[in-house]
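One-based numbering along the sequence shown.
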Amino acid sequence: MTTATANHRNNSPPLTPDDIIRLAQYHTTAPLHPYLLSPTSHETLVSHLHTLPPSAVSEYTSSLLSLLSPSPSVSTLLTSLLNSYLILFTSNKIPHDRRSLKTLELFSPHLENIPINELQTISDTIVSSISQINRDPDEAQLLDLLPKCLHIIFNSNEIDKPQDSVDAVFDRILDCNWSRILLVKLVSIIHEFKFVGKGRGKLYAQKVFDNMHCVELQDLPSLVYQLLVLASKGFNKREIIEGIVMFFGTKMHSKKASSNIIREVEGTVLLHVNFAVKQDPSLGQEIMGLVRSNLQAVDHFVVGLLLSIARIRRYRENSMGTLKTALITAYKDYKFSRHCKWLPDDLKEEYLQNALLTEKAVLRIVNESNHGREHIVPSIVHLGFLFLESGEEMSHKELGNTGLIGSQELGIQMLKSLFEVHDMARNEIIEQCKFRILSLKPDQSLAIIRLLGNLVQNYPYPILEYVSHLKELLDYFGFMHSKVASHLINILVPLIKFSHNLQDYIILVVRKAMFRQEDQIRLAAAGAIIDLILADKKSKQNMPSSYQESSSQASSSQQPQITRGISNDLFKELSSLLQRCLYQQGKVKEVVYQGLVKLVLVDPLTAGEVFDFLWPHFLQFYKEDGELNIIQCIKTENNKACIVEPLDDLLSCVSWVLSLQPQEKSESWASFGFSLTQENEQAGGTVSGESFSNALSRIRKLLRNGNLEGQLGLDTPQEGETYKYSAKIMSGVIEVILNTLATELEKASNDTKIDLEKELIDLVDLHESLCTQNNGARKETPRSTAPDLTYKNESDNTKWCKETTTFMSTSSIHHLFQLYKSSNQHSKLFSFVLNATFCKIKSCSNVAKDDPLKGLMYGDIKILGPPLLKVITLLIHPDQKKKEAKGKKDEEDKKGLVLLALICLKELLTICSQSPEEMREIEDMLSDSLVEDEPLNIQREEVFITKIVKPLFSKLLQAKLFHEIEVLCDIAKIIGCKTIGDWAIRICETSNIANTKIAKNVVNLALSCTQAPNDLAVAQDMALELIKTTGSETYRIINNSTETVISSVILQFLESVLADMDRISMKMKTCFTSAYKGIQMDDNGIHKSHLTLEETLYQRAEAVMELLSSFVVMNLKDLQGEHVVRLAAKFYKNLARVSKFLIAPKGCKQILPSLKFQKLVEVTCKQLTGPLYIFMETMQQKQQASSRASKGILNKIKRENRCIPDLIFQIEDYEKYLILLGKACKMNLLRHAKRSTARDFRITGPQEHEHGNDQEHDEAAAQNDLVQDSENGEEDDALLPDTGTPFAAEDSEEDDSLIPRKKSRIVEDSDDEANIESA
């Protein structure tokens, strides 16, 4: 029967290709045609592939495959058919279209019936054709068969080492040149390669991202999505995330396409990442880990990526925190590089560029937020407010001309851009402003108010849509901090020109606030009234508007609906409210008086109205004969006096208003130097103005007589605070008159100058006599008294200058300086001018830059520098004959004036040092004042030091003016240049100074102004001289009187160096992580700056070690000994940290430590570690020797017993990591180390010490025996140099036996100490 069947198959009629195609079309479950099962027909069936037209080959092959069921019986036919079809496909003899794709899909189920050796051949054929895939995506259809082929081979038992076989095929794929078509295809099928290991998967990912720049822009989003799906399935997740980040952050710009298209593509990719993280949260963790591991690699795509995943609730806080940390870290690194003088210049520039790039990345992603990235807008709003609230704002001096803007300004620019572009973000920004102003602390709220003020100034029309929100915010005006309330009104008043309704609401809120009990709120309300009036005046002037129209402004059809102007005069409308302010406490009245001066500055024609407003109030304290009723200005309640009327502020206000009015001469005003104009007369202010002028003239005449008690209302007996405040007001009135006199002197002719100078000197005498009578209240009367002339009390004496200022303007003070050509002039006038200068300089920094009064009353404060310097020169170089004629008291007064003048100069330089431009200007002015012809090749700082600091120091040292030298050293430190450091070193070498304060300042100046590495070299030389007991020949400043204080200065300097090392050692973590994790930053694998940073750190650490080794051999006092121990502990902590970072993480190849590190380890073991143990033993012996001398010795022992165990722990921790590092590197890093000793610390009282010496000796001997046994047992360890055995390369997890046990190092309190503590 079987034979008959076979014969029947062989005798079956042959089928043509057309028959097979028709048969496939009508094929059912009927048995297969016998001809197809006949082995003799296979060759014929396969031959049809070569005879048919190319367009019919795929149809014929697919029809034939559809008729064949997957079974071993047809394996031969399938093998031949597939090989023939592959030959035709790879030789391009058949079209590559959807039919060929369908045909290849039909081959897939039959692959399991093909022999393994044939599958290997087929795989080789497919891989060999990869190089032809470069133009059409259909050319890559063959690759659909490759994953299943390799999968079958991998699971086969018929060949040896199937893993090697499939790996070889995959390696051939990796070695090929990938076209963009091939890359896209391989990414789509790589998930089917189940056999690919982690190593080859990493190479595959690297190959993908290396060739990803060839992919078309429209294919990138889908390609990234496929990669994300692949990563979510666990295929080299970290490498894929890192590759995506690196490509879009650094390589995307190489694409030749419009920026808008690139932005759209990146926006789509961000959406894909967002969706992928939602589906697989582990991808978000990888992204966060990648960014945190290298915060310096934050580019615009990383910012967008974090903002995108921040839309997912579980990652919101982490993403925002990471972005904030990246920016703050960049700022901190930059600020650290500015202050750290031993960092190389290229590293400083790198930190600056990193901060700049981080800022630009954030701003770029904000500016591109309207290109397919609208989903990140809420995250940008959140991030902007985070930057506003951050406390890491840099000063103007730190920003300088670097291009940085700071975190708060960055947040403002971000939110301004969103407010302009995205309508949907405006409501959220305004709501967040309102919420945060009310909920944050005052300092943080001010940053939010700055943002709101910028929005009001740049986009007034869109802001008007949110007036209701602003009104809700104003409802809390009476409950806000006064500073917040004042600034809020100040930024909202520009809107009143557009909204009368908002103006009325502000007035209503301010009226309510005037009835509050809190004094600060009433002060804020008074300031708000002034701001409203000033804004009204400015809006009515024909001045260019400061509001810039933008594309987001309201349309022209909407603008007419907005009320633009206010017809009535707001000053007149609010005059009743201002009158109420004049019945408030004195501080409120001061605000009103200053506000009225600002009003006249804005509109001089309102001077008459101001006079009419003030005159009735002034009459309450003024009599027609010129006397002032000062008693009415003082109020006493509960035996406590206070000023209810600052009459001096009132007269100052009137004086400035008289000087600010339009200057057209009027005879009735000429007597006081002021004039009225015709406009003033028409305005109705003539009567009040003339009255004020006459009143000031009478007061001036009465002051000339000098009888304060009888003529100015002080004849009533007064005591205590009442007299003190009366004198304060009176001295302020005198300063107002003196300010006017100085102005007149500037314009007076030679005939009248003599009389005016005499009058001015008389008034100064009167002012000083008032201060003398009120000597007990000097600190209470800052306008009339000088600070105590001692440098140590400078900070205390200047506190009051922050709250008030002198009534003398800067120009008046400068003119008074010009009156004197020699030092034998009136000393009281010198004292007055210097005190006024001091108060003016100290209060200058507290005045806002945009305050209108700053230009009027302060002007250019730098002009006081040259006259101050000349005064100092005159006082230090007196006429010898006149000096002998003067008494001792005059000399003491002159010394005090020198000190005060130097303090004024120091404060002036401190203010100017906040701005590099102003610092250069003041230095030029000071140098030009003493040097007429300055050489062109000499720098500005060198001229300042050579011509000013050096001569002054010599004269002051010769005159033994030690307090003055301290101030001069501070001035030199502010200048801070190499010349100062060299000069200070020469002073240390040549000057035998016994005064400890001078020695401290000079040594500190020498160390702080000397460039690295010479600074530590100088400190080391001084430390070596300190070891000597007979004094120093190299540094004459070191003697028996100064050696202790110089030691302290060097130790403090060393502490600052260790603080810098601590930050740098933390930065090394990023360096070594980049090296071990394979983050390629340049061709060598490690960023060059990291190598420079590492080398610089090792050099600095070696210098610190040498300096510490000098101190451990000194005979130091107790406190200094403790300081050395603490510094040594910090030093070893840094060494341990670096050693730990050098150890390769698990799975990474160990990198050998540099030769500089090995040298550092060697010299530290030799020169520091061993002597430190001796040093600590000596300290304890001193404790025991001095335990009987003082009962408080136990407290000192407790302190030392806290720092000594910490030092020992840090040493052993450092040595532990050296052991682990040595094993990983197979080298002995501790061959020069001294074995540490087990130590017990016990506080013993005097009695126990007397009776228990023998017992302690026995215990110590027993302990030493145990330690010796322990050491003998460890001699077989590979760390000993005589073994010569290299370390075994083991993982760090297996080294627990080498880690020192902390249990034996625990310091336990003794019974005596416990009793003492309980007592």
Side-chain angles (χ1 to χ4, degrees), residues 514 522-523 526-527 529-534 536-537 569-624 626-630 632-633 643-662 666 668-669 672-677 679-700 729 732-733 735-737 739-740 807 852-853 856-857:
M514 288 302 299
R522 292 202 293 271
L523 281 173
I529 297 171
I530 297 298
D531 290 338
L532 284 169
I533 296 173
L534 291 176
D536 175 60
K537 288 293 182 183
D569 187 359
L570 200 57
F571 177 68
K572 294 180 179 179
E573 289 185 6
L574 298 180
S575 60
S576 60
L577 194 56
L578 282 176
Q579 288 287 350
R580 177 173 180 81
C581 292
L582 296 180
Y583 292 95
Q584 301 289 335
Q585 67 269 34
K587 291 291 183 182
V588 176
K589 296 178 184 179
E590 291 179 9
V591 173
V592 173
Y593 298 151
Q594 293 178 4
L596 293 176
V597 177
K598 296 177 185 178
L599 178 61
V600 178
L601 270 174
V602 174
D603 185 8
L605 299 180
T606 58
E609 298 177 8
V610 171
F611 288 140
D612 291 339
F613 173 76
L614 291 176
W615 180 249
H617 179 70
F618 177 68
L619 289 178
Q620 300 179 34
F621 312 98
Y622 175 72
K623 300 177 182 178
E624 291 298 330
E627 293 187 358
L628 296 175
N629 192 3
I630 295 182
Q632 296 296 325
C633 302
I643 298 177
V644 295
E645 176 56 47
L647 189 58
D648 46 359
D649 285 274
L650 174 57
L651 290 177
S652 177
C653 169
V654 172
S655 174
W656 283 114
V657 173
L658 289 172
S659 64
L660 288 171
Q661 60 183 341
S666 175
S668 60
W669 291 61
F672 200 68
F674 306 111
S675 63
L676 274 176
T677 63
E679 289 82 352
N680 290 123
E681 295 170 359
Q682 293 175 356
T686 305
V687 177
S688 300
E690 289 183 349
S691 301
F692 269 120
S693 179
N694 294 332
L696 289 176
S697 299
R698 294 191 187 98
I699 295 172
R700 177 172 169 178
I729 295 174
V733 173
E735 288 183 13
V736 173
I737 305 301
N739 187 58
T740 305
F807 290 109
L853 297 181
L856 176 67
M857 298 181 179

- Task: Kindly indicate, with the supporting measurements, whether the criterion side chain to side chain contact (heavy atoms under 4.5 Å, CB included) is fulfilled by Thr740 and Leu696.
- Result: CA-CA 10 Å; Thr740 305; Leu696 289 176; over 6 Å; no

- Query: Partners of Arg698 by side chain to side chain donor-acceptor pair (under 3.5 Å), sequence neighbours excluded?
  - Reply: Tyr622

- Item | Parallel, tilted or perpendicular: rings of Phe613 and Phe571 (30°, 60°) | perpendicular

- Check whether any side-chain N or O of Ser693 sits under 3.5 Å from a backbone N or O of Gly689 as a donor-acceptor pair, and report yes or no. no

- To the nearest 0.5 Å, atom CZ of Phe621 lies from atom CD1 of Ile630 at 11.0 Å

- Out of curiosity, Glu590 CD to Ser652 OG, how far, rounded to the nearest 0.5 Å? 10.5 Å

- Task: Quick one: closest heavy-atom pair of Ala607 and Val600, and the distance?
- Result: CA-CG2, 4.2 Å

- Task: Please report the shortest heavy-atom distance between Leu660 and Pro604, naming the atom on each side.
- Result: O-CB, 3.8 Å

- Message: For Cys581 versus Ile529, what's the shortest heavy-atom pair and its separation?
- Response: SG-CD1, 3.9 Å

- Item | Separation of Tyr593 OH from Leu647 CG (nearest 0.5 Å) | 8.0 Å

- Query: Once the angle between the rings of Phe692 and Trp615 is folded into 0 to 90°, is it parallel (under 30°), tilted (30 to 60°) or perpendicular (over 60°)?
  - Reply: perpendicular

- At what distance, to the nearest 0.5 angstrom, does CD of Glu645 lie from CG of Leu650? 5.5 Å

- What's the shortest heavy-atom distance between Asn739 and Phe807, and which atoms? CG-O, 3.7 Å

- Message: Run Leu651 and Phe618 through side chain to side chain contact (heavy atoms under 4.5 Å, CB included) and show every step you take.
- Response: CA-CA 9 Å; Leu651 290 177; Phe618 177 68; 3.5 Å; yes

- Task: Over all heavy atoms of both residues, which pair between Met514 and Ala526 is shortest? Give the atoms and the distance, please.
- Result: SD-N, 4.2 Å

- Item | Closest approach of Cys633 to Ile729 (non-hydrogen atoms, all atoms of both residues) | CB-CD1, 3.6 Å

- Message: A side-chain contact here means heavy atoms from C-beta on lying under 4.5 Å apart; do Ile533 and Leu578 qualify?
- Response: yes

- Item | Distance, nearest 0.5 Å, that separates CG of Asp649 from NZ of Lys587 | 8.5 Å

- Which distance, rounded to the nearest 0.5 Å, do you find between the CD of Glu609 and the CG of Leu614? 12.0 Å

- Query: Would you find a donor on one side and an acceptor on the other, under 3.5 Å apart, between the side chain of Lys589 and the backbone of Val644?
  - Reply: yes

- When the ring planes of His617 and Tyr583 are compared, do they come out parallel, tilted or perpendicular, using 30° and 60° as the limits? perpendicular

- Among Leu601, Leu570, Thr606, find the one that has a side-chain contact (heavy atoms from CB on, under 4.5 Å) with Lys537. Thr606

- Message: Using only atom types and a distance under 3.5 Å, with no angle test, would you say the side chain of Asn694 pairs donor to acceptor with the backbone of Glu690?
- Response: yes

